[in-house]
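Quick notes on the structure that follows.
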Amino acid sequence: MLEQNTVLGQRKAAIRRLIENCLYQNQREGKLSFTEIADFVVEQPREEAHGDFAANAAMVMAKVCRRAPRDIAALLKDSIEKACAAQEADTAEIQQVEIAGPGFLNFWLKPGWLGACLEEILAQGENFGRSNTGQGKKIQVEFVSANPTGELHMGNARGAAIGDSLANILNAAGFQAEREFYINDAGNQIEKFGLSLDALYQTRLGHPVPFPEDGYHGADLPRLIEDLVAREGDIYLKLPDQERRNLLADYALSLKITDIRNALRNFGVEYDVWFSERTLHESGAVQGIIDKLDQDDWLLQQDGAIWLDCRRFGEEKPEVLVRNNGVPTYFAADIAYHDNKFRRGFDTVIDIWGADHHGHVARMQGAMEALGYDRQRLEVILMQFVRLYQGGQLLKMSKRTGQYVTLNELVEEVGRDAARFFFVMRSADSLIDFDMDLAKKQSADNPVYYAQYAHARICSILAAAPAGVCSVAADCSLLRQEGEEKLIRKLAAFPDEVATAALSREPHRLAMYILDLAAQFHNFYGQCHCLVEDQALMSARLHLIQAVAGVIRRGLAMLGVSAPEKM
RNA sequence: GCGCUCAUAGCUCAGCUGGAUAGAGUGUUUGGCUACGAACCAAAAGGUCGCAGGUUCGAGUCCUGCUGGGCGCACCA
């Protein structure tokens, strides 16, 4: 990845330019021979003994130049030192260069550069953490999109935490991200839903009807019917069966969608768009997509059904788009839906799906290719399952059996902050075992409190500080203790961490970063006292911790987690 | 059977897309509140990165095979 336009990124970029110039110069002087500079990395080494920044340029150039890495490093070191002595561009902050290990170039910057970083950070204020990495590209994140026939469960909670945080992170990194919920309000499921409701309705009114075999057993449906009967009695009984089912389904759907919206809102998630599958059928978009695919000769007729020939984009077998009864499949609607997304101008579309849908990924991307889109523009984040345990026993999670822990229960039992952090701190591809009893007992151990505690601690120090100290600029170059420098380094990495999390679509990186920063702060707290006699030093330290608090607060906010001033 | 995915400390997990001596939390052991919040800090101990090959200056990370867990392979969504 190339350097971002950030506090650290600018410094890395300067070192990169310097190295590139030195490479070319050696080429001109005939000391090195290459046609192209290989892609090398400028990074902050893990070990501080390896300097402030390190570059592997000599190693990656070894092959191209047909020279030993350390020979190249020696040439580069020499050129860099000459450039520094001549005060050429990009050398202003460089103090020293060393060759280390297999051929790393380790750079030490002049003392005080970290203070300068902190001053830049403070100057950026609330904007620190943001970057232009995304260059304003439009990205859509579609997540949860649970069937509106049931309640939201733990898997949905995980998707919500990841999707919402990802959208926040993308926005902070300079993308224009939109959140979308796809409402599956059409098709087979809804038919069954109507049948289930109708059975409950008629039975409640004294006309026992057997409950459909694969109907919905959600505990909330009888209550919903009870409300309807209490309000409107038996007026729907007289209607034709199909019409009554549709009415009951529509009635229940609108209530359930409201419930879902409220549950997600309660979890800190607000969508930009709620997109109805039904509109795709009613507008003719589904038929339109089938016609287009037919025109471009992607379709097959067999057994009275219409198939998409997925073999042409590398899949094993064709897939049905229109059943032999004339009803389009979910796949057909989904193709039309994604076509619609791209028509709305998104550069990239990210879907967050459960791991059970992985077989659908390549087909869907292939279908986009068939429509003439670059398949890379559809990205799918596959989330592994949340397995539900109770007292050490695995529970079977299913909407149909009605046995699950709902999102609302989760928020109620462990709290929104703990719940969101619990999900967003793990990478999407780890399988999670969740035990509600354990979660309740252990919610106080949730790492989120570690970060929140650091924030609250800072707030109380700032509250105890003499008035006005933070409103005048401080001399941050006074911060030269180990704990202070480490803290500034960590702080400075924030925008790059956000950018990396955005580009890799991995919000858990940000959670890890915040915990690291909090740890670094707690360590600093043990080493350095803020409210000291020396006014200049006190001011510098207060500015430092103020910046830390800001980063923790904004970082947590991206994860949908609050940063209380007291706990 | 075919495919996707995961395997890292006793347990739960990171590991910056191939870099230098693999890191946190938790648990165990030990030390630290008469200074800004002990929901904290410091230290010790804990590893054949599932196994076997391969690619190269260099592999937890990439490729192949194997073992084991999860999930798919519908005219369901």
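Throughout, protein chains are lettered first and strands after them, A, B, ... in sequence-line order, and every chain is numbered starting at 1. What you see is a predicted model, and the numbers here were worked out from it, not measured in a lab. Values below: every heavy atom of this structure, side chains too, minus hydrogens, waters and symmetry copies.
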Identify the nucleotide, in any strand shown, that forms a Watson-Crick or G-U wobble pair with [N], with both distances under 3.5 Å; if there is none, say none.
{"N": "B:G46", "answer": "none"}
{"N": "B:C2", "answer": "B:G72"}
{"N": "B:U64", "answer": "B:A52"}
{"N": "B:C36", "answer": "none"}
{"N": "B:U26", "answer": "B:G10"}

In terms of the angle between their ring planes, are [X] and [Y] parallel, tilted or perpendicular, with boundaries placed at 30° and 60°?
{"X": "A:Tyr216", "Y": "A:Phe193", "answer": "perpendicular"}
{"X": "A:His360", "Y": "A:Phe331", "answer": "perpendicular"}
{"X": "A:Phe422", "Y": "A:Phe434", "answer": "perpendicular"}

Determine the interatomic distance between [atom1] on [N] and the same-named atom on [M]; round to the nearest Å.
{"N": "B:A22", "M": "B:U64", "atom1": "C1'", "result": "25 Å"}
{"N": "B:U48", "M": "B:G31", "atom1": "C1'", "result": "34 Å"}
{"N": "B:U8", "M": "B:G25", "atom1": "C1'", "result": "15 Å"}

For the base of [N] and the side-chain ring of [X], does the geometry meet a stacking cutoff of under 5.5 Å between centres and under 30° between planes?
{"X": "A:His50", "N": "B:A20", "answer": "yes"}
{"X": "A:Tyr525", "N": "B:C36", "answer": "yes"}
{"X": "A:His529", "N": "B:A35", "answer": "yes"}
{"X": "A:Tyr453", "N": "B:G37", "answer": "no"}

Exercise for review: Please answer whether the main-chain N or O of A:Val7 pairs with a side-chain N or O of A:Arg11 as donor and acceptor at a distance below 3.5 Å.
Suggested key: yes
Exercise for review: Indicate yes or no for a side-chain donor-acceptor contact from A:Arg363 to the backbone of A:Gly359 under 3.5 Å, with no hydrogens or angles considered.
Suggested key: yes
What's [X] touching, base or sugar-phosphate or nothing? Going by heavy atoms closer than 4.0 Å.
{"X": "A:Ala100", "value": "base"}
{"X": "A:Lys566", "value": "base"}
{"X": "A:Asp71", "value": "nothing"}
{"X": "A:Ala362", "value": "nothing"}
{"X": "A:Met512", "value": "sugar-phosphate"}
{"X": "A:Asp303", "value": "base"}
{"X": "A:Glu533", "value": "nothing"}
{"X": "A:Cys528", "value": "base"}
{"X": "A:Pro102", "value": "base"}
{"X": "A:Ala68", "value": "nothing"}
{"X": "A:Ala305", "value": "base"}
{"X": "A:Asn324", "value": "base"}
{"X": "A:Gln527", "value": "nothing"}

Taking only N and O in the side chain of [X], is any of them less than 4.0 Å away from OP1 or OP2 of [N]?
{"X": "A:Tyr450", "N": "B:C41", "answer": "yes"}
{"X": "A:Ser427", "N": "B:C13", "answer": "no"}
{"X": "A:Arg323", "N": "B:A77", "answer": "yes"}
{"X": "A:Arg46", "N": "B:A22", "answer": "no"}
{"X": "A:Asn56", "N": "B:G18", "answer": "no"}
{"X": "A:His360", "N": "B:C4", "answer": "no"}

Review point. Among B:A39, B:C41, B:A77, which nucleotide sits nearest the side chain of A:Met567?
Key: B:A39
Exercise for review: Indicate, with yes or no, if the rings of A:Phe275 and A:Phe181 have centres closer together than 6.0 Å.
Suggested key: no
In whole Å, what is the span from the [atom1] atom of [X] to the [atom2] atom of [N]?
{"X": "A:Phe331", "N": "B:A77", "atom1": "CZ", "atom2": "P", "value": "12 Å"}
{"X": "A:His357", "N": "B:U5", "atom1": "NE2", "atom2": "C1'", "value": "16 Å"}
{"X": "A:His455", "N": "B:A39", "atom1": "NE2", "atom2": "C1'", "value": "16 Å"}
{"X": "A:Met425", "N": "B:G23", "atom1": "CE", "atom2": "P", "value": "19 Å"}

Revision key, fill the gap. Per the O4'-C1'-N9-C4 / O4'-C1'-N1-C2 angle with a 90° window around 0, B:U17 comes out syn
Exercise for review: Give a yes or no on whether a donor-acceptor pair under 3.5 Å exists between the nucleobase atoms of B:C41, that is its base, and the side chain of A:His522.
Suggested key: no
Review point. Below 3.5 Å, does any donor atom in the side chain of A:Asn106 face an acceptor in the base of B:A20, or the other way round?
Key: yes
Check your understanding: When you look at CD of A:Gln527, are more than 12 heavy atoms from neighbouring residues, nucleotides or ligands closer to it than 6.0 Å?
Key -> yes
